K.L.:
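Take a look at the following structure, please.
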Amino acid sequence: MAEQRVVVVFGATGAQGGSVAAALLADGSYTVRAITRDMKKAAAVQLKSAGAQVVCADLDNETSLESALTGAHSAFVVTNFWEHFNKDKEIEQGKRIADMSKRLGLKHVVFSGLENVKKLTGGKLEVLHCDGKGEVEEYFRAIGVPMTSVRLPSYFENLLTFFRPTKASDGESYNLAIPMGDILQDGMSVADLGPVVASILKCPAKYIGKDIGLSTDKLTVAQYADIMSKVTGKTIKDAKISLEAFRNLGFPGAQELGNMFEFYQMKPDRNVDLTLELNPKAKKFSEWMQQNKDGYKDL
């Protein structure tokens, strides 16, 4: 029997990488090399018991990256702006992996990218966590690494955390404070990314060189709130917050997220049909809410 191809999965104990590692392990066609900085993490231990090679590496350490990627056929690469809020650092990390992928001759990299908004808008709008990934996308291509970019929308899971509904001033109902007005906002469950990446890796000729905008639903904030209300039994409403008011909320990243929503209002290319072709079991928001309603028990 031919030896299985090694696929390296960065961020394997995180949301995106964890989903990809799980899907590739379930598929059974690959040797999954799961990358983490902390081998003792519960998620790392679980990956090992599920059959993954678990390897310690750091995006800031070139030697560890070389060990992680040596002998690999392909890789899933994700970087995390929100860990340090530093666009330049994210670009450095992405380029370091791109250079190593080129040097070691990887046949396919699936990169979790986003648009370079600053470039697209001629400098009028900067969204640092998008722009850095956009520059890394360009760099992979410039140096000739066979790469597919998957561009995720806002995760449904963010509605359990960052964008969780908050109690309204009437003390009874809840507000969903997302500054999109009546414009449709794309979303998907990050847990559904894995099978998308698995499908892309199976058809390299079809997807290398492509930027794939992912989404399983396009809804207004009022529609998100209505579905949440029906599932939770609580009254949840669109707070109708403006971009300016959102940017002034004062929490770390409020300005950055406000700029992101301004970009979302420009309707970036996110393809529901293609997403569902790549992962036919990917959930619509109503189905995701039914599966996650326990997360709102304490509202």
Side-chain angles (χ1 to χ4, degrees), residues 11 13-20 22-23 41-43 46 78 80-83 112 129 152-196 214-243 245-258 260-261 264-265 270 272 275-276 279-299:
T13 58
Q16 290 192 33
S19 173
V20 172
K41 245 188 194 175
Q46 285 166 2
V78 60
N80 186 6
F81 170 88
W82 301 106
E83 190 175 281
S112 180
H129 76 278
L152 275 80
S154 187
Y155 310 160
F156 296 152
E157 286 81 359
N158 290 340
L159 293 165
L160 288 163
T161 54
F162 305 113
F163 307 123
R164 188 179 181 82
T166 54
K167 187 73 68 90
S169 54
D170 64 12
E172 297 293 327
S173 62
Y174 293 82
N175 283 329
L176 190 57
I178 295 175
M180 286 293 289
D182 295 323
I183 297 166
L184 297 175
Q185 176 172 317
D186 288 287
M188 76 179 285
S189 169
V190 68
D192 287 329
L193 173 64
V196 168
L214 299 176
S215 174
T216 61
D217 239 337
K218 295 175 184 280
L219 301 168
T220 63
V221 178
Q223 287 171 321
Y224 278 107
D226 185 51
I227 291 167
M228 294 175 87
S229 297
K230 287 191 172 91
V231 172
T232 62
K234 310 281 186 182
T235 303
I236 301 170
K237 299 175 182 173
D238 174 7
K240 300 189 185 301
I241 191 169
S242 68
L243 285 167
F246 186 91
R247 288 186 180 111
N248 289 327
L249 287 175
F251 63 86
Q255 183 79 32
E256 173 71 9
L257 289 171
M260 175 191 77
F261 284 117
Y264 284 172
Q265 290 188 11
R270 302 287 181 264
V272 173
T275 304
L276 294 175
N279 180 4
K281 293 181 179 176
K283 294 172 285 295
K284 296 282 188 184
F285 181 61
S286 56
E287 185 185 352
W288 181 87
M289 267 303 300
Q290 288 290 349
Q291 291 179 6
N292 289 273
K293 62 184 176 187
D294 284 356
Y296 297 96
K297 278 198 300 195
D298 60 346
L299 267 186

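Along the sequence shown, residues are numbered consecutively beginning with 1. The model shown is predicted, which means the values in this text are computed figures rather than measured ones.
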K.L.:
Is T216 reaching over with its side chain to a backbone N or O of K283, donor-acceptor style, under 3.5 angstrom?
P.N.:
yes
K.L.:
Is it the case that more than 12 heavy atoms not belonging to D170 sit under 6.0 Å from its CG atom?
P.N.:
yes
K.L.:
When you measure from the side chain of D186 to the backbone N and O of P153, does any donor-acceptor pair fall under 3.5 Å?
P.N.:
no
K.L.:
Under 4.5 Å between any side-chain heavy atoms of I236 and Y296, yes or no?
P.N.:
no
K.L.:
Just so I know, are the side chains of L243 and Q265 near enough to count as touching, which here means a heavy-atom distance under 4.5 Å?
P.N.:
yes
K.L.:
Would you say that more than 12 heavy atoms from the other residues, nucleotides or ligands in this model lie under 6.0 Å from the NZ of K237, or not?
P.N.:
no
K.L.:
For S215, which of M188, R270, Q185 qualifies under side-chain contact (heavy atoms from CB on, under 4.5 Å)?
P.N.:
R270
K.L.:
Less than 4.5 Å apart, side chain to side chain, heavy atoms only: is that true for Q16 and V20?
P.N.:
no
K.L.:
Between the main-chain N or O of G253 and the side-chain N or O of E256, is there a donor-acceptor pair closer than 3.5 Å?
P.N.:
no
K.L.:
Is there side-chain contact between Y174 and R164, with at least one heavy-atom pair below 4.5 Å?
P.N.:
no
K.L.:
Quick check for you: to the nearest 0.5 Å, what is the distance between S286 atom OG and D226 atom CG?
P.N.:
11.0 Å
K.L.:
In terms of the angle between their ring planes, are F246 and F261 parallel, tilted or perpendicular, with boundaries placed at 30° and 60°?
P.N.:
perpendicular
K.L.:
Provide the closest heavy-atom pair for A23 versus G194 in the form atom of the first, atom of the second, distance.
P.N.:
CB-C, 3.3 Å
K.L.:
Could you give the distance from CG (N292) to CZ (F156), rounded to the nearest 0.5 Å?
P.N.:
10.5 Å
K.L.:
Passes side chain to side chain contact (heavy atoms under 4.5 Å, CB included), D238 versus T220? Steps please.
P.N.:
CA-CA 9 Å; D238 174 7; T220 63; over 6 Å; no
K.L.:
If you define the side chain from C-beta out and look only at heavy atoms, does anything of N175 sit under 4.5 Å from T166?
P.N.:
yes
K.L.:
Quick one: CG on N158 to CG on L257, what's the gap to the nearest 0.5 Å?
P.N.:
8.5 Å
K.L.:
Could you report the tightest heavy-atom contact between A245 and S242, atom names first, then the distance?
P.N.:
N-OG, 3.0 Å
K.L.:
So P165 and M228, do their side chains get closer than 4.5 Å, heavy atoms only?
P.N.:
yes
K.L.:
Using every non-hydrogen atom in the two residues, find where K218 and L184 come nearest and quote the distance to one decimal.
P.N.:
O-CD2, 3.7 Å
K.L.:
So do the side chains of Y155 and F163 get within less than 4.5 Å of each other, counting heavy atoms only?
P.N.:
no
K.L.:
Determine the minimum heavy-atom distance between V78 and G11, stating which atoms define it.
P.N.:
CG1-CA, 4.1 Å
K.L.:
Could you state the interatomic distance from CG (N248) to CD1 (I241), rounded to the nearest 0.5 Å?
P.N.:
9.0 Å
K.L.:
Is there side-chain contact between I178 and L159, with heavy atoms separated by less than 4.5 Å?
P.N.:
yes
K.L.:
In Å and rounded to the nearest 0.5 Å, what is the CG to CZ distance from D217 to F285?
P.N.:
8.5 Å
K.L.:
Nearest 0.5 Å, what's the OG1-NZ distance between T13 and K41?
P.N.:
3.5 Å
K.L.:
Under a 3.5 Å distance rule, please check whether S229 uses its side chain to pair with a backbone N or O of A225 as donor and acceptor.
P.N.:
yes
